[in-house]
**Student:** 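My structure is below; once you've seen it, I'll send some questions.
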Amino acid sequence: MENERKKTVFSGIQPSGNLTVGNYLGALRNFSEFTDKYNCLYCVVDQHAITVRQQPAELRRRTYEVLALYIACGLDPEQSILYVQSHVPQHAQLAWVLDCYTMFGELSRMTQFKDKSAKNENNINAGLFTYPVLMAADILLYQTDLVPIGEDQKQHLELTRDIAARFNAVYSDTFVIPEPYMKSGAKIYSLAEPTKKMSKSDQNENAVVRILDPKDTIIKKFRRAVTDSETEVRRAEGKEGISNLMTIYSCFTGKKDEEIEAEFKGVGYGEFKTAVGEACAAELEPIQKRYNEILSDKSYLESVMKNNAEKASYLARKTLSKVYRKVGFTTL
Ligand code: TYM
């Protein structure tokens, strides 16, 4: 019988702001689905974060926080490799090689680059431009099969696949071509402007629900969510606010659109919004409790960082040395 290779899952989150319900439903919540059957690596991608100016002390603090949140969301650092990107130098080393196999035109078409350059007019740095190549390196370094992500990262994943296929075509099979994994919460919209993605760096606190917001804040934010002038809870064009709340409610309760429409028939938006807030808070509360316990134990988090960086680095070295050999670098 054919001996199937155990598949690998990789994903990452930037420690560039307090994580939102968008990050949770689009990515983080799905990470634990794979841990029993796959080799899983979940990275805190601090090197990506500095493409936008960060306060050093805040970046350091948030790196611990995202790691603590990974664990609080049910990831076990003995089972999955939970680590920090800058602790494994092979990411940046592979990114340099892949830079030389990525076209200027491809990077110029990345919508996130265009959006972020518009938002950071005074700091359109080279890292912001080549950021998708570092992301490709993150993924390809571990021969990843599956990448759980939100919709905003899909274009970067497609570029990753193109880079991998190009490299494989030139040098024979080197990288596994990864697939994205997305579910119904892959795009959660802003509560203030429901045609825009919910973003952790949004300046308007009412637009975002944070994973760590207390229950009353969560409910207050949902109650303030922008909707429309009708009163009917149903998914439709022109009802982006309500449609977004329905997606969120469905993710937290497992209910389908028809059930949600029936549940809130004739009761108006107020009650629906409160129910969305209650459902969200109910799921987040135990995570917050665990998070606070984990975060208070810094030496535990440091030991997780260290042990897991070593495990990741061991795997990363294998791919990197293969790549170095293929491109013609000499070895010592
Ligand atoms: P980041 O840190 O912006 O977001 C982390 C994850 O959350 C998803 N996400 C959302 N999903 C649904 N609705 C939203 N409003 C929403 N906002 C964010 C993102 O799609 C992402 O999955 N470049 C990545 C980090 C990264 C990475 C990687 C991911 C670096 N290397 C390798 C996967 C594999 C980023 O900036 O995600």
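Atoms within a ligand are numbered from 1 in the order they appear, just like the ligands themselves.
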**Student:** So which pairs with a foot in residues 211-231 pass ring pair (Phe, Tyr, Trp, His ring centres under 6.0 Å), sequence neighbours left out?
**Tutor:** none
**Student:** Report yes or no: is the cationic atom of Lys255 (NZ for Lys, CZ for Arg) under 6.0 Å from the centre of the six-membered ring of Tyr249, at an angle within 45° of the ring normal?
**Tutor:**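 Judged by the rule, Lys255 and Tyr249 form no cation-pi pair.
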**Student:** Thinking salt bridges, do Asp213 and Lys221 make one under a 4.0 Å N-O criterion?
**Tutor:** yes
**Student:** What's the separation between atom CG in Leu59 and atom CZ in Arg53, rounded to the nearest 0.5 Å?
**Tutor:**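 Leu59 CG to Arg53 CZ: 12.5 Å, rounded to 0.5 Å.
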**Student:** For Asp228 and Tyr269, does a side-chain donor sit closer than 3.5 Å to a side-chain acceptor?
**Tutor:**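 Yes - a donor-acceptor pair under 3.5 Å links their side chains.
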**Student:** Heavy-atom contacts with ligand 1 below 4.0 Å: which residues, ordered by chain and residue number?
**Tutor:**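 Those residues closer than 4.0 Å to ligand 1 by some heavy atom are Phe10, Ser11, Gly12, Ile13, Gln14, Gly22, Asn23, Gly26, Ala27, Val45, His48, Tyr131, Met135, Asp138, Ile139, Val147, Ile149, Gly150, Asp152, Gln153, Gly185, Ala186, Lys187, Ile188, Lys197, Met198, Lys200.
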**Student:** Answer yes if the ring centres of Phe113 and His156 are under 6.0 angstrom apart, and no otherwise.
**Tutor:** no
